[in-house]
2 protein chains.
Amino acid sequence: MTDRPYHHGRLRVVLLAEAERTLREQGIEGLSLRDLARQAGVSHAAPRRHFADRQALLNALAEAGFARLADEVCAAIDGAGEDYQARLRAVATAYVHFATRDAALLELMFAAKNAGPPDAVRDASERLFTAFGDLIVQGQKAGTLPPGDPGRLGLLLVATMQGIAALVTSGRAPAGQVDALITDAVALFTRSQR
Amino acid sequence: MTDRPYHHGRLRVVLLAEAERTLREQGIEGLSLRDLARQAGVSHAAPRRHFADRQALLNALAEAGFARLADEVCAAIDGAGEDYQARLRAVATAYVHFATRDAALLELMFAAKNAGPPDAVRDASERLFTAFGDLIVQGQKAGTLPPGDPGRLGLLLVATMQGIAALVTSGRAPAGQVDALITDAVALFTRSQR
DNA sequence: ACCTGAACACCGTTCAAGT
DNA sequence: ACCTGAACACCGTTCAAGT
C-alpha cells in the first residue's frame, strides 16, 4: 500500500462492504461503527460524514440487500424455464437461500424501525415485491394459482418463504428439510383448481 | 414503601417483568441490564446473581414467551368449537396477534444464537410445537388437511403464520389485511382434497 | 446467599479543529 | 468537502468487599 492519503476516497463503499461481511460473520449485534472505522483505517468519527448514525448505515445495508435479493430472485425466474411450478420453486429456493446465507441482513431488511422503513429502503424493496406480483398474476392467468387479490396472494407467498427461512435460521426446522418444505409450499399454492 | 431491605427478595421476577415491558415499548435494542437494575432500585451488578449475562436474561424472556404463547394458542383451540377451519383460523389469529403485539419478544424467541437455542428455551417451545402437531394430525384424519408428513406440514403452518406476522410487523403488509391473509392461508391449507 | 462500588474495556454521538 | 482528537454519556462484565 502507498501512504494512506488524508482523504480516503472510497470510505463509504469500503465501510458498506466491511459491514456486510461483519454482518454475515458476527450478526447485527457485532456490528460497530468504531470497529468498522478501525478496519478501514480511519478515525472513529470519520464514518459520520457518510452515515449520520448507526441506523443510517443499517438502512443503507438494507437497501443494498433488497437490490441484491431482487437481482437473485429475478435471475432465478429467468433461468427456470417455462414450467410454472418450476419457476415458483426456483424463486422460493433463491429467496430462502438468501435468507439462510444472510440471515442477519434479511432480519435488518425487514426490521421495522419506528413507523415503517425509510423511503430509500422501501423503494429498493419495491422491485422485489413487484417481481413477485408479476409472477402471481402470471400463475393466476395460467390457472395454476387460485384466483383472488394477487397482492394478497403475493404477500402470502413471501410470508411463507420468510417463515421457512426464519424456522431454518432459528434451528427449528432442520436445514436438510428446506427443499422438502419449499416443495410442499409450492404444492400447496398450485394445487389443481376447478 | 418501607425501607428497601438489603436483600430485594424478588429481584429476578421483577427484572423479568420490567424487561418484558421495556421489550414491548422500546424493542430489544432498548433493553439494558443497567437500566433494569436502576428501575428495580438495585446496583448495576445485582442482576448478575440471577442472570449470568445479558444473553441469559434474553433466554429467560424467550422461555417465558414460549410458555405464554403456548397458553394462548391452546386456549384459542379450546375455545374454537368443532369446525376445523374455525379451529385453524383461531390458532392462526392467536399466533399472529401475539406476534404483532410482542414483536420484539417473538424475534427474541426465534433468534438463533450460536448453534441453536439453549435447552430450556427449546423445551419451552416444545409444548407449542406439539400443540401444532396434534392439530395437524387431527385435520389430516378428518380429511380437511392434505396428507403427508405431519411434522413438515406443521412447520409449514408455523412458517406461514410467522411470515404473516413478520410482514405486518415490518409494515410491508397493512395491519388491516391480517385477517384476510389468515383466511387466505387457512383456505390454502384446507382446500378440498380428493 | 445476595448485593454494592469501583474498575475496565468497550460503545454511539458530538464538535471544535485540522488538511 | 472530508477527516481527526478529545470529550461525554452510556454500555456489559468482573471482582473484591460488604450484609
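Atom set for the values below is all heavy atoms of this structure, side chains included, hydrogens, waters and symmetry mates excluded.
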* Please determine if a side-chain N or O atom of B:S32 lies less than 4.0 Å away from the OP1 or OP2 oxygen of D:dC11. => yes
* Can we say A:D71 and A:R127 salt-bridge, meaning some charged N sits less than 4.0 Å from an Asp/Glu carboxylate O? -> yes
* Asked: Are any side-chain N or O atoms of A:E72 and backbone N or O atoms of A:F98, one a donor and one an acceptor, separated by less than 3.5 Å?
  -> no
* Value in whole Å for how far the P atom of D:dT13 lies from CZ of B:F51 -> 13 Å
* Asked: Once you round it to whole Å, what is the distance between P of C:dC11 and CG of A:D35?
  -> 6 Å
* Spacing between B:D53 atom CG and D:dG12 atom P, to the nearest angstrom -> 11 Å
* Determine the contact category for B:R54: base if any of its heavy atoms lies under 4.0 Å from a base atom, sugar-phosphate if only primed atoms, P, OP1 or OP2 are that close, otherwise nothing. => sugar-phosphate
* To do: Let me know the distance between CD of A:E29 and C1' of D:dG12, rounded to the nearest Å.
  => 12 Å
* Step by step, would you call A:F189 with A:Y84 a ring-ring contact (aromatic ring centres under 6.0 Å, His included)? -> CA-CA 11 Å; A:F189 276 84; A:Y84 191 76; over 10 Å; no
* Measure from NE2 on A:H8 to C1' on D:dC2 and round the result to the nearest Å. => 12 Å
* **B:R48 side-chain N/O to D:dT14 phosphate OP1/OP2 under 4.0 Å** => yes
* According to the Watson-Crick and G-U wobble definition with distances under 3.5 Å, which dot-bracket string, read 5' to 3', encodes DNA chain D, using [ ] for crossing pairs and | for pairs with another strand? -> ||.|||||...|||||.||
* Asked: Taking atom C1' of C:dC11 as reference, at what distance in whole Å does atom CG of A:L57 sit?
  -> 15 Å
* Structure fact -> With the side chain defined as heavy atoms from C-beta on, A:A45 is closest, among C:dT4, C:dC15, D:dT13, to C:dC15
* Cation-aromatic face contact A:R172/B:F110, 6.0 Å, 45 degrees -> yes
* For B:R12, report the nucleic acid contact type (base, sugar-phosphate, nothing); a contact means any heavy atom under 4.0 Å. => nothing
* **Which residue lies more 5' along DNA chain D, comparing A:H50 with B:L31 via nearest heavy atoms** => A:H50
* In plain terms, say whether A:R89 and A:D179 are close enough for a salt bridge, that is, a side-chain N and a carboxylate O under 4.0 Å apart. => no
* To do: Can you tell me the distance, in whole Å, between the CZ atom of A:R49 and the P atom of C:dA16?
  => 12 Å
* Structure fact -> Ranking C:dT13, D:dT13, C:dC3 by distance to the side chain of B:A46, first place goes to C:dC3
* Asked: Nearest to the side chain of B:R34, which nucleotide is it out of C:dT4, C:dT13, D:dG12?
  -> D:dG12
* Structure fact -> Whichever of A:R38 and A:A52 has the more 5' nearest nucleotide on DNA chain C, that residue is A:R38
* Asked: Between B:L58 (CG) and D:dT13 (C1'), how many Å, whole number?
  -> 15 Å
* Asked: Can you find an N or O donor on one side and an acceptor on the other, under 3.5 Å apart, linking the side chain of A:H44 with the base of D:dA6?
  -> yes
* To do: Could you point out which residue of B:L156, B:L157, B:L155, B:D149 forms a side-chain contact (heavy atoms from CB on, under 4.5 Å) with B:I136?
  => B:L157
* Are B:E29 and A:R54 close enough that some pair of their side-chain heavy atoms sits under 4.5 Å apart? -> yes
* Supply the atom-to-atom distance B:L88 CG to B:Q138 CD, rounded to the nearest 0.5 angstrom. => 9.5 Å
